[in-house]
Protein chains: 2
Amino acid sequence: MKTINLTTQRQAVYDIVRDAADHPTAADVMNRLVERGHSFAYGTVYNSLRYLTDKDMIRELKLGETASRYDARTDDHQHIVCEVCGKVDEVTTAIPEEWLARVAEETGYEVEGAHIVVEGVCAECRSKRKK
Amino acid sequence: MKTINLTTQRQAVYDIVRDAADHPTAADVMNRLVERGHSFAYGTVYNSLRYLTDKDMIRELKLGETASRYDARTDDHQHIVCEVCGKVDEVTTAIPEEWLARVAEETGYEVEGAHIVVEGVCAECRSKRKK
DNA sequence: ATTTCAATTTAGAATAAGTATAAATCTATT
DNA sequence: AATAGATTTATACTTATTCTAAATTGAAAT
């Protein structure tokens, strides 16, 4: 199924995720839609997010919080979360293939990929902490 | 707080997690408690799991499913999930420090650690698939 | 232009996982 | 035995998400 049917609602949801500087949750997307003058049903936002995810236009991130976040960058990359302020940033440094190979060897699995959530303290929070 | 107060319920919950060959969810723990003749309140099971986690006797795993899983191995290690059957296995091959250092450099974060969920197909599912 | 049919949206109910609360119970100490 | 503190229980609540059935939309066929 290569055809993509971008309805008004799906396009609007996509625009929010694409324009976001952060990694919004479904609730964030909902709020920002309202700010832009839309008022779609909750179910529609979830449906749209799933549709866009299925079509590989966005990615769903499960970073260990209760709510999923969404990311318009669909290329292979990881994430880092600030333990202090909760900010999420991208990690593009690729996972060493060699490590994956060793994991495959250890477990007997055929390894497809890995989801990594790095934890740390962001630059801003570190400079605040010093005081 | 080094003192650990293992009530009957906490001990029973701990026993379930320690004896488990898999990585049970809270609901799994609940069911296995019933199998062993216990009948604790749901809240008590959650409280006990949190207590044991706080005391570092077990670990809470967030593997991207809706429910948390629990692991009696508390040493630093990662997990691999079979995309076919859902099985979860341990990964003890450590992520290279050098990779974490490069992530710190890329992001400007002080890196504390990483949660990794590797995805793949386990040996059993692969041999079944071949047929 | 009208009918038709599938896809989509809507509003609201339902579900799943986990947390909060207040009363009851247990446990250790005086 | 009396008190106090911690824990458990039952139940209500919250949050994130999915489901459902009816209404709406939009494209294709008449």
Side-chain angles (χ1 to χ4, degrees), chain A residues 1-17 20 22-34 36-55 57-71 81 86 88 117, chain B residues 1-17 20 22-34 36-55 57-71 81 86 88 117:
Chain A
M1 306 294 118
K2 263 270 135 62
T3 51
I4 291 181
N5 175 13
L6 278 193
T7 62
T8 308
Q9 316 27 22
R10 287 169 183 169
Q11 181 68 57
V13 168
Y14 179 61
D15 290 347
I16 298 284
V17 177
D22 55 356
H23 299 79
T25 62
D28 292 334
V29 171
M30 194 72 203
N31 291 335
R32 294 174 200 184
L33 284 165
V34 171
R36 291 189 182 183
H38 296 290
S39 69
F40 305 146
Y42 240 83
T44 301
V45 173
Y46 279 104
N47 280 342
S48 299
L49 289 168
R50 185 160 23 164
Y51 181 89
L52 296 167
T53 302
D54 287 350
K55 299 295 182 189
M57 296 177 66
I58 63 176
R59 268 180 59 188
E60 181 182 10
L61 309 181
K62 303 196 170 179
L63 304 179
E65 301 157 300
T66 51
S68 286
R69 296 181 169 275
Y70 295 87
D71 191 342
V81 181
V88 178
V117 181
Chain B
M1 309 293 117
K2 262 272 137 62
T3 51
I4 292 182
N5 176 12
L6 279 193
T7 62
T8 309
Q9 327 8 36
R10 287 170 184 168
Q11 180 69 58
V13 168
Y14 179 61
D15 290 347
I16 298 286
V17 177
D22 55 354
H23 298 78
T25 63
D28 292 334
V29 171
M30 194 72 204
N31 291 334
R32 294 174 200 184
L33 283 166
V34 171
R36 292 190 182 184
H38 296 290
S39 69
F40 304 145
Y42 243 83
T44 300
V45 173
Y46 279 105
N47 280 342
S48 298
L49 289 168
R50 186 161 21 163
Y51 181 89
L52 296 167
T53 303
D54 287 348
K55 299 295 180 188
M57 294 178 66
I58 63 176
R59 267 180 61 188
E60 181 182 9
L61 309 180
K62 302 196 170 179
L63 303 178
E65 303 157 298
T66 52
S68 287
R69 296 181 170 274
Y70 295 87
D71 191 341
V81 181
V88 178
V117 182

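Letters A, B, ... mirror the listed sequences (proteins, then strands); counts begin at 1.
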Length of the line joining [X]:[atom1] and [N]:[atom2], which is rounded to integer Å:
X: L52(B); N: dT8(D); atom1: CG; atom2: P; value: 10 Å
X: D54(A); N: dT18(D); atom1: CG; atom2: P; value: 11 Å
X: L6(B); N: dT7(D); atom1: CG; atom2: P; value: 11 Å
X: E65(B); N: dT17(D); atom1: CD; atom2: P; value: 15 Å
X: K55(A); N: dA7(C); atom1: NZ; atom2: P; value: 12 Å

Subject >> Base-paired stems in DNA chain C, each at least three Watson-Crick or G-U pairs under 3.5 Å >> reply: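 So far as stems of 3 or more pairs are concerned, DNA chain C shows C:1-30 with D:1-30.
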
Side-chain heavy-atom pair [X], [Y] within 4.5 angstrom cut-off:
X: Y70(B); Y: I16(B); result: no
X: R36(A); Y: D15(A); result: yes
X: T25(A); Y: E65(A); result: no
X: V88(A); Y: D22(A); result: no

**OP:** Kindly write out the residues that satisfy side chain to side chain donor-acceptor pair (under 3.5 Å) with R50(B), not counting sequence neighbours, or none if the list is empty.
**Re:** none

Original post:
For residues E60(B) and S68(B), is any side-chain donor paired with an opposing acceptor at under 3.5 Å?
Top reply: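 A donor-acceptor contact under 3.5 Å links the two side chains.
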
Subject >> Atom pair CD1 (I4(B)) and OG1 (T7(B)), whose distance is rounded to the nearest 0.5 Å >> reply: 12.0 Å

Original post:
What is the per-nucleotide protein-contact pattern of nucleotides 8-18 of chain C, from the 5' end, where B denotes a base atom under 4.0 Å from a protein heavy atom, S denotes such proximity for sugar-phosphate atoms only, and - denotes neither?
Top reply: SSBB-----SB

Subject >> L52(A), D71(A), L49(A) screened by side-chain contact (heavy atoms from CB on, under 4.5 Å) with V17(A), the one that passes >> reply: L49(A)

